[in-house]
Number of protein chains: 2
Amino acid sequence: MTTSHKVVAFDSAPGLSRYAALAAALRARVVAGEWPPGSALPAESLLATEHQVALGTMRRALELLVAQGLVERIHGRGTFVRQGIAGASMLRFFRFDSGSGEMPRSRILSRQRVAAPAAVARRLGLATGEMVLRLQRLRLLADQPCLLEELWLPLDVFAPLAEGSTAEWDDLLYPMFARRCGVHVHRAVDDIGFAVLTAAQAIPLGLAAGHPGVVVQRAAYDLGGRCVEWRTTRGDAHAFHYTVTIT
Amino acid sequence: MTTSHKVVAFDSAPGLSRYAALAAALRARVVAGEWPPGSALPAESLLATEHQVALGTMRRALELLVAQGLVERIHGRGTFVRQGIAGASMLRFFRFDSGSGEMPRSRILSRQRVAAPAAVARRLGLATGEMVLRLQRLRLLADQPCLLEELWLPLDVFAPLAEGSTAEWDDLLYPMFARRCGVHVHRAVDDIGFAVLTAAQAIPLGLAAGHPGVVVQRAAYDLGGRCVEWRTTRGDAHAFHYTVTIT
DNA sequence: AAGTGGTCTAGACCACTCT
DNA sequence: GAGTGGTCTAGACCACTTG
């Protein structure tokens, strides 16, 4: 008598190593929602027998996914699909002198349902004229305004945020995106530059028009690689600092 | 009859895995100069038998050194100690609109042998008052000044640079450091900030006093982890740009 | 105690580079 | 063809977490 085991096929490698093909197959299952963010994958031994490869090969595949930031492994507990980026990640570019353990606060200044301008539509991978949510947001530290943000979100997936009061929104957006819209931000690309602030940008920050400012433009992507946010953040250039290590 | 093989001992692990201890032992031999930058290490199979470990374990150790940036492996050729940082690494923070294939040029504005000020001595790990080389350097792109730099170098290892004409110096410093002083810069930490330029800083750059400037402060380290350079670079803030990806 | 990931072994075979 | 690193296997044993 033969026992029946679940067997999962994966595309054999077109020039790819077996563990790379395995990693791609596992990634596809994660993106498809088979294992939601925060949940555990089956044990590596199980996955190995399922895919009919040696344990070491499956380990290589999982290590690859760890390096790619898709999953994280915890000794003795298991392999988990990573939750998205935590939030407050914009503050890492700034050094505001306030109580160090200070919680950042947020205030939504405006919220509009608008047709996407061409530049925004291109960034978000939408057709020009598709509906988006435009937000203006002020971030405060110890009740002092420090960052002014303009966000563009595709309405098809962020529709829940178009309704209800914005006064009750969380101070951190990404956890709220996950909870209310099922959108997990897994990757963000920040482009940093400097520009003089206009009056409209400077006043909410308590600065004067013409003050030097930092401009961070961010594109944020979900698990599947779709751009789900286009954001421009402005702050006082004198508060900017960032450290890079090169090897 | 027994054949005699070279056997290299390494400290058994005080809480370290065997491959981590192996990596540390190999790193020590590289730092000691047994395999100079650019040269090849023995084959992994040889190293494995020398250290009396399985091939896979030695591979883990070498992979660790690759991840740390100490060596690089080339399929079919061997394992090589990495040369230092190439140079021109400061330009990656700026976007000067000129011919894209433009070679950056350098001009040494001043060179002094001076006693290290306290702040510099601390950064370089010297006693206050030890002798250092202070350089001012202007970097040009298409004959346009773009960056102004102030460098502090410990004289004990950079003595060869205190003699002779600075007019003949290379445009890239790090390869010259390696060739003339045997100093290989393997790691650099850049701290980016913002400040308004003084007249003395702005004039050489063709800007006006009070112009917004980017300030990059760099500590550069050699193979052994010694800080061998402390540098401050200033440039037009409007030319600054940098991209960071977070996951 | 049971289940998880982490380390280590000893081998076979493949892919690439140089001469 | 000889020598290098890269992949894959099949197992043993260890270390950590949880019930």
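Residue numbers start from 1 in every chain, and the chains themselves are labelled A, B, ... in the order their sequence lines are given, proteins ahead of strands. Note that the coordinates shown come from a computational prediction; the quantities given were computed from them, not determined experimentally.
- Look at A:Ser45 and you won't find any side-chain N or O under 4.0 angstrom from OP1 or OP2 of C:dG3.
- Residues A:Asp190 and A:Arg92 are paired through a salt bridge, judged by an N-O separation under 4.0 Å between the basic side chain and the carboxylate.
- Between the CG atom of A:Leu46 and the C1' atom of C:dT4 there is a distance of 11 Å, given to the nearest Å.
- Distance alone, capped at 3.5 Å, is enough to place a donor-acceptor pair between the B:Asp171 side chain and the B:Ser106 backbone.
- Between A:Arg73 and the phosphate of C:dG6, there is a side-chain N or O to OP1/OP2 separation shorter than 4.0 Å.
- Listed nucleotides: D:dG6, D:dT4, C:dT7. Nearest to the side chain of B:Ala43: D:dT4.
- Aromatic ring orientation, A:Phe177 versus A:Tyr174: tilted (interplanar angle from 30° to 60°).
- Rounded to whole Å, atom P of C:dT4 lies 13 Å from atom CZ of A:Arg59.
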Audit row: A:Ile192, B:Ile192, side chain to side chain contact (heavy atoms under 4.5 Å, CB included) steps and yes/no: CA-CA 11 Å; A:Ile192 309 166; B:Ile192 309 167; over 6 Å; no

Nucleotide-resolved protein contact map, nucleotides 8-19 of chain D, B/S/- at heavy-atom distance under 4.0 Å: SS-----BBSS-

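- In the region residues 26-41 of chain B, proximity to DNA chain D at under 4.0 angstrom, judged on heavy atoms, holds for none of the residues.
- If you measure from atom CD of B:Glu63 to atom C1' of C:dG6, you get 14 Å, rounded to the nearest angstrom.
- Within 4.0 Å of A:Arg60, counting heavy atoms only, lie sugar-phosphate atoms of the nucleic acid but no base atom.
- A:Thr57 and A:Arg18 share no donor-acceptor pair across their side chains, judged by distance under 3.5 Å alone.
- The minimum heavy-atom distance linking B:Val81 with B:Pro36 is given by the pair CB-O, 3.7 Å.
- Side-chain polar atoms of B:Arg218 and B:Ser89 form a donor-acceptor pair below 3.5 angstrom.
- Looking at A:Asp170, its side chain never comes within 3.5 Å of a backbone N or O of A:Leu173 through a donor-acceptor pair.
- B:Trp169 approaches B:Leu135 most closely through the heavy-atom pair CZ3-CD1, 3.8 Å.
- To the nearest angstrom, P of D:dG6 lies 15 Å from CG of A:Leu64.
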